[in-house]
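In what follows, a single structure is set out as structure tokens and then discussed.
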Amino acid sequence: MEEKDLNYYAKVHSIESFGTVDGPGIRFVLFLQGCHLQCKYCHNRDTWDMNGGSYQSLEDILQKILRYKNYIMPHGGVTVTGGEPLLQVKFLIRLFEALKKENIHTCIDTSGMVTLTEDVKRLLSLTDLVLLDIKHINDEKCKQLVGKGNNKELTFAHYLSKQNIPMWIRQVLIPGYTDDEDDLVELKNFLTTLKTVEKVELLPYHAMGRYKWKELGVNYDLEGVPEPTEKQIEKAKKILGISS
Ligand code: SF4
């Protein structure tokens with residue numbers, strides 16, 4: 001494949017022009033290709049491979065976004081998700097610089113499991129909101145669930161707090177994996193150390209993305225794991241202080 005300048009080209013998985021769940025208002029959602037984690041519950045399994053997806057230029061993506069500007073303004077904006085969007089940080093710096101000039105709200109949906117390089121810091125300075133998926137508050141369980149420990153993401157959360165960058169925390173609730181009471185209490189305690197958390201969202205596990213694993217011919221480790229019951233969801237929400 002032809003080499004591209006990664007400052008001006010992104011590996012894109014897909015685009016959703018009217019997203020309503022990834023940040024405030026109506027969002028133009030850019031799904032970038034590539035992820036360095038291996039979350040057992042991933043419902044975007046087809047985003048992992050950096051060789052997948054297709055290159056799109058900054059200019060093309062900007063044009064697409066500006067076509068929807070009237071719909072996403074003034075309460076919505078652009079959310080970049082994936083995969084792990086921060087793997088394409090150089091491109092995102094260029095994109096967010098352009099969006100800020102247009103006064104468009106910028107949001108990144110990330111695991112935060114990256115090194116805080118100067119590029120990542122520059123990007124965060126252009127970011128209005130981070131949707132931070134805390135994978136697991138327990139380091140060992142985190143490794144088992146997503147393939148890496150949680151050190152980087154907790155450091156990332158503290159950095160956001162220190163820089164006054166708003167964040168919405170997300171936690172996937174998986175019976176037998178992330179619903180242990182002590183872990184949820186520890187998560188709650190961790191969140192109280194952060195001063196820019198605007199919202200905590202509990203995302204009940206569902207197996208809807210399982211078919212993508214099957215299509216790729218890979219084993220789905222959570223086969224047979226049930227979705228959490230209303231009672232389990234309510235209990236976890238209570239611990240995390242989320243009002244129903
Ligand atoms: S970080 Fe997101 S895209 Fe990557 S493996 Fe986990 S759930 Fe999937």
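Counting convention: from 1, in listed order, for ligands and their atoms alike. Heavy-atom basis, side chains included; hydrogens, waters and symmetry copies ignored.
For atom 8 (Fe) of ligand 1, the closest heavy atom belonging to the protein is Cys42 SG, 2.3 Å. Protein heavy atom in closest approach to atom 3 (S) of ligand 1: Gly83 N, 3.5 Å.
In summary, Lys40 and Asp221 engage in a salt bridge, as defined by a charged side-chain N under 4.0 Å from a carboxylate O. Contact check on Asp5 versus Lys90 returns no salt bridge, with no Lys/Arg side-chain nitrogen under 4.0 Å from an Asp/Glu carboxylate oxygen. Classification of Glu140 and Lys143 as a salt-bridged pair holds, one side-chain N sitting under 4.0 Å from a carboxylate O.
Close approach of ligand 1 to Trp48 (heavy-atom distance below 4.0 Å) involves ligand atoms 5 (S), 8 (Fe). Listed by number with element, the atoms of ligand 1 under 4.0 Å from a non-hydrogen atom of Lys135 are 1 (S), 6 (Fe), 7 (S). For ligand 1, the atoms closer than 4.0 angstrom to any heavy atom of Leu37 are 1 (S), 5 (S).
Checking Cys39, Ser111, Cys35 against atom 7 (S) of ligand 1, the nearest heavy atom belongs to Cys39.
Checked by atom type, the side-chain pair His43/Arg210 shows no donor-acceptor distance below 3.5 Å. In the model, Thr115 has a side-chain atom that pairs as donor or acceptor with a side-chain atom of Lys152 under 3.5 Å.
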